[in-house]
Participant: 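To start, I am sharing the structure in question, which I have written as structure tokens.
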Amino acid sequence: MTGTTTEKSTDKTTVSTRGQSDRNGAAKDGALVTEQGSTTIADLVVQKIAGLAAREVRGVHALGGGAARAFGAIRDRIPGASASVGQGVSVEVGETQAAVDLELVVEYGVGIAELAQAVRRNVITAIEQMTGLEVVEVNINVNDVYIPEDDDEDQPAANRVQ
């Protein structure tokens, strides 16, 4: 009987200690679900964080596909309208994890593989630090290359006669 009593006591101690270490670890990791309540983070929040983090990387010219950028250019000309930070970013957010898809326009001459790694690292770090969500994947779609000479064509030609 003494052996049985000791085993039960040991099991209780193990469970108690494990539960305590889980709670302490969760508090240190910034868990979103605790004994005091839960925190829900909207998709839009994660989308904005990802968009800002991607734009911080040197070599990223813009985010979004052709239609999204065209719409963004029109919106920029409307007085009082603000640019969408989440343009070119789509996210899926669960209770503890997030997945991100980015559409990028890169500057000509930048190594795309290295740029993708830098963007992925910056986006994951920003989201995980700010939200506590685990980022399971960041998919990057490079859909255009920005060439500075392309902007010169958009500028109206100067009049030949003054």
Side-chain angles (χ1 to χ4, degrees), residues 13-151 154:
T13 305
T14 304
V15 171
S16 171
T17 305
R18 189 176 345 150
Q20 187 177 10
S21 67
D22 285 349
R23 274 184 258 126
N24 291 341
K28 289 179 186 173
D29 293 341
L32 298 173
V33 179
T34 65
E35 290 178 359
Q36 290 81 26
S38 64
T39 303
T40 304
I41 299 173
D43 291 8
L44 183 61
V45 172
V46 177
Q47 183 182 22
K48 285 184 177 184
I49 293 169
L52 290 169
R55 285 179 175 83
E56 288 176 352
V57 178
R58 186 178 182 143
V60 174
H61 178 71
L63 270 68
R69 287 197 327 263
F71 180 70
I74 293 170
R75 184 181 52 236
D76 289 344
R77 294 182 182 187
I78 298 171
S82 61
S84 174
V85 180
Q87 177 180 311
V89 182
S90 61
V91 299
E92 289 181 41
V93 180
E95 289 181 19
T96 60
Q97 296 179 331
V100 180
D101 295 323
L102 299 169
E103 291 191 29
L104 301 181
V105 177
V106 300
E107 294 177 358
Y108 177 77
V110 175
I112 293 174
E114 293 83 16
L115 177 69
Q117 285 179 333
V119 168
R120 192 170 284 115
R121 185 173 40 250
N122 207 40
V123 168
I124 290 170
T125 301
I127 292 172
E128 288 183 349
Q129 284 181 353
M130 292 184 71
T131 66
L133 293 168
E134 174 191 7
V135 179
V136 292
E137 65 180 19
V138 176
N139 298 311
I140 297 174
N141 179 25
V142 178
N143 58 28
D144 201 359
V145 174
Y146 170 73
I147 302 170
E149 291 83 37
D150 288 347
D151 283 347
D154 293 340

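Quick caveat, the model's predicted, so the values are computed rather than measured.
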Participant: Could you tell me whether a side-chain N or O of Q47 sits under 3.5 Å from a main-chain N or O of G86, the two making a donor and an acceptor?
Facilitator: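 Yes, Q47 side chain to G86 backbone: donor-acceptor pair under 3.5 Å.
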Participant: Could you tell me if the side chain of L104 sits less than 4.5 Å from the side chain of L63, heavy atoms only?
Facilitator: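 Contact flag for L63/L104 side chains = yes.
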Participant: Using the side chain to side chain contact (heavy atoms under 4.5 Å, CB included) definition, which of the options I140, V100, V142 pairs with V119?
Facilitator: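 Among I140, V100, V142, the one that satisfies the side chain to side chain contact (heavy atoms under 4.5 Å, CB included) with V119 is I140.
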Participant: Side chains of T96 and L32: does their closest heavy-atom pair fall under 4.5 Å?
Facilitator: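 T96 vs L32: side chains apart.
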Participant: Can you see which heavy atom on G59 is nearest to which on V110, and at what distance?
Facilitator: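 In terms of heavy atoms, the two residues are closest at CA-CG2, 3.9 Å.
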Participant: Indicate yes or no: at least one non-hydrogen side-chain atom of V123 is less than 4.5 angstrom from one of V135.
Facilitator: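 When only atoms from C-beta onward are counted, V135 and V123 do not touch, as no gap falls below 4.5 Å.
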Participant: Over all heavy atoms of both residues, which pair between L133 and A98 is shortest? Give the atoms and the distance, please.
Facilitator: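 For L133 versus A98, the nearest heavy atoms are CD1-CB, 4.2 Å.
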Participant: Between the main-chain N or O of S90 and the side-chain N or O of D101, is there a donor-acceptor pair closer than 3.5 Å?
Facilitator: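 The answer is no, because no donor-acceptor pair under 3.5 Å joins these two groups.
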Participant: If you measure from CG on L52 to CD on E56, what distance do you get to the nearest 0.5 Å?
Facilitator: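 It is 7.0 Å, given to the nearest 0.5 Å.
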Participant: Around atom CD of Q97, are there more than 12 heavy atoms from other residues, nucleotides or ligands closer than 6.0 Å?
Facilitator: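 Check passes, neighbour count above 12.
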Participant: Can you find a pair of side-chain heavy atoms, one from E137 and one from E92, that are under 4.5 Å apart?
Facilitator: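 Sidechains of E92 and E137: no contact.
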Participant: Specify the closest pair of heavy atoms between N143 and E103, including all atoms of both residues, with the distance to one decimal.
Facilitator: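 Looking at all heavy atoms of both residues, the closest pair is ND2-OE1, 3.0 Å.
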